[in-house]
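Inspection log for the structure reproduced underneath, given as structure tokens.
Everything quoted here is computed from the prediction, not taken from an experiment. All values below come from the heavy atoms of this structure, side chains included, with hydrogens, waters and symmetry mates left out. Position 1 is the first residue of the sequence, and the numbers go up from there.
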Amino acid sequence: MTKQDYIKLFSQIKPGFFERDYVKNREDEDIFDEMILCLKDFDPAKYVKQFGSEVSFDYFKGDINELKAQIKKVDESWPQWFNENQTLFCGYIDGKVACFCMIEDFGTYEIDGKQARVGGPGCVGTVPEFRNKGLGLTMVNKATQIAKELGYDYSYIHYTGVPGWYAKLGYETIFRWNKHGIL
């Protein structure tokens with residue numbers, strides 16, 4: 001796919017994105033990436049981190065308000081995006097949420113002349129006291145594998161400032177943007 005093809009896909013996934021206040025109100029120097037991974041090429045063994053028995057990963061099955069309290073520690077504006085009707089996936093330490101994401105369904109689009117399902121991890125965060133242990137990337141690795149098992153053809157990372165982190169799993173930047181639009 002060309003950059004223009006990816007821009008068209010983005011415009012279908014996120015129509016009117018650059019008109020949204022939370023985008024227009026960013027600082028000029030804030031630059032973000034859009035990333036994609038063809039799931040037929042995804043290899044979960046590319047990133048493996050071992051943890052003790054106190055660490056587990058699973059779908060979220062608890063009180064959404066408790067999860068939102070952990071999310072708020074990462075970004076105070078994010079709890080509004082999480083609800084019980086989403087596919088939520090978390091990393092836990094001793095049963096406490098240490099990292100979280102939603103597995104989003106972006107829909108079906110024409111990619112390279114074929115209909116393809118696009119989904120992937122969104123609003124990915126690690127609670128500050130649990131950072132720098134490999135938990136978040138392990139969770140994203142597992143969430144990406146879940147997306148593949150659910151029949152998605154592509155995993156899409158929207159609005160990230162840490163492209164090098166996702167690249168460790170095989171995600172590739174398709175374009176960068178700031179509040180003025182695509183760079």
Side-chain angles (χ1 to χ4, degrees), residues 6 9-10 13-14 31-62 64 66-68 70-75 77-83 85-107 111 116-177:
Y6 285 124
L9 175 64
F10 171 78
I13 292 172
K14 296 291 182 179
I31 297 175
F32 300 94
D33 289 42
E34 299 294 310
M35 304 184 79
I36 202 162
L37 171 61
C38 179
L39 289 174
K40 71 178 174 62
D41 300 330
F42 175 61
D43 178 8
K46 188 172 183 173
Y47 180 85
V48 175
K49 180 90 174 167
Q50 300 297 320
F51 299 101
S53 60
E54 74 282 2
V55 175
S56 62
F57 298 89
D58 203 351
Y59 292 102
F60 180 74
K61 300 177 190 111
I64 192 72
E66 289 177 21
L67 176 60
K68 287 182 177 191
Q70 293 296 86
I71 293 167
K72 193 172 183 175
K73 292 178 184 178
V74 173
D75 190 311
S77 69
W78 280 9
Q80 67 179 323
W81 305 112
F82 286 78
N83 65 64
N85 300 321
Q86 296 167 306
T87 303
L88 305 175
F89 192 73
C90 298
Y92 300 89
I93 295 183
D94 293 324
K96 183 176 181 183
V97 171
C99 52
F100 54 84
C101 70
M102 55 182 74
I103 301 174
E104 298 183 88
D105 179 357
F106 292 115
I111 298 177
R117 288 184 68 205
V118 180
C123 287
V124 174
T126 302
V127 179
E129 63 261 34
F130 299 117
R131 289 183 179 157
N132 301 312
K133 298 176 185 339
L135 294 165
L137 196 57
T138 299
M139 177 193 63
V140 171
N141 195 30
K142 291 178 181 298
T144 302
Q145 180 62 31
I146 289 168
K148 183 175 182 175
E149 291 166 2
L150 291 172
Y152 290 96
D153 300 294
Y154 290 87
S155 185
Y156 192 94
I157 302 293
H158 169 57
Y159 198 156
T160 184
V162 290
W165 192 71
Y166 290 103
K168 294 175 185 177
L169 301 178
Y171 285 90
E172 296 179 5
T173 295
I174 54 176
F175 64 84
R176 305 181 86 205
W177 58 267

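- Legend: residues meeting side-chain contact (heavy atoms from CB on, under 4.5 Å) with Arg176, ordered by chain and number and at least two apart, are Ile31, Asp33, Thr173, Leu183.
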Output side-chain donor-acceptor pairs under 3.5 Å for residues 143-160, partner residues at least two apart or in another chain, one line each.
| residue | atom | partner | partner atom | Å |
| --- | --- | --- | --- | --- |
| Thr144 | OG1 | Val140 | O | 2.8 |
| Thr144 | OG1 | Tyr171 | OH | 2.7 |
| Gln145 | NE2 | Glu149 | OE2 | 3.2 |
| Lys148 | NZ | Leu39 | O | 3.2 |
| Tyr152 | OH | Arg117 | NH2 | 3.3 |
| Asp153 | OD2 | Arg117 | N | 2.7 |
| Ser155 | OG | Tyr171 | OH | 2.6 |
| Tyr156 | OH | Glu34 | OE1 | 2.8 |
| His158 | ND1 | Glu34 | OE1 | 2.9 |
| His158 | ND1 | Glu34 | OE2 | 3.0 |
| Tyr159 | OH | Arg26 | NH1 | 3.3 |
| Thr160 | OG1 | Val162 | N | 3.0 |

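- More than 12 heavy-atom neighbours from other residues, nucleotides or ligands sit within 6.0 angstrom of CG on Asp41.
- Heavy atoms only, all atoms of each residue included: Phe106 and Ile13 are closest at CD2-CG2, 3.4 Å.
- Other residues, nucleotides and ligands place no more than 12 heavy atoms under 6.0 Å from the CD atom of Glu172.
- Rounding to the nearest 0.5 Å places OH of Tyr92 at 10.5 Å from CE of Met139.
- Among all heavy-atom pairs drawn from Thr126 and Cys99, the shortest one is OG1-CB, 3.6 Å.
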Verdict with supporting geometry, Leu135 and Phe51, side-chain contact (heavy atoms from CB on, under 4.5 Å): CA-CA 9 Å; Leu135 294 165; Phe51 299 101; 3.6 Å; yes
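- The CD1 atom of Ile71 sits 11.5 Å away from the NZ atom of Lys73 when rounded to the nearest 0.5 Å.
- Lys133 contributes atom NZ, which lies 9.5 Å from atom NZ of Lys49 (distance to the nearest 0.5 angstrom).
- Considering every non-hydrogen atom in both Pro121 and Val124, the closest pair reads CB-CG2, 4.0 Å.
- Note that CG of Leu137 is 6.5 Å distant from CG of Asn141, once rounded to the nearest 0.5 Å.
- If you take CE on Met102 and CG on Asn83, they are separated by 7.5 Å, rounding to the nearest 0.5 Å.
- Side-chain rings of Phe82 and Phe60 stay apart, their centers remaining 6.0 Å or farther from each other.
- Distance alone, capped at 3.5 Å, places no donor-acceptor pair between the Gln70 side chain and the Lys96 backbone.
- Minimum heavy-atom separation, Val97 to Phe130: O-CE1, 3.9 Å.
- Under the 4.5 Å side-chain criterion, counting only non-hydrogen atoms from C-beta, Cys101 is not in contact with Leu88.
- Nearest heavy atoms, Tyr47 versus Gly134: OH-CA, 3.5 Å.
- Considering every non-hydrogen atom in both Cys90 and Leu67, the closest pair reads SG-CD1, 4.0 Å.
- Rounded to the nearest 0.5 angstrom, Phe57 CZ and Thr138 OG1 are separated by 5.0 Å.
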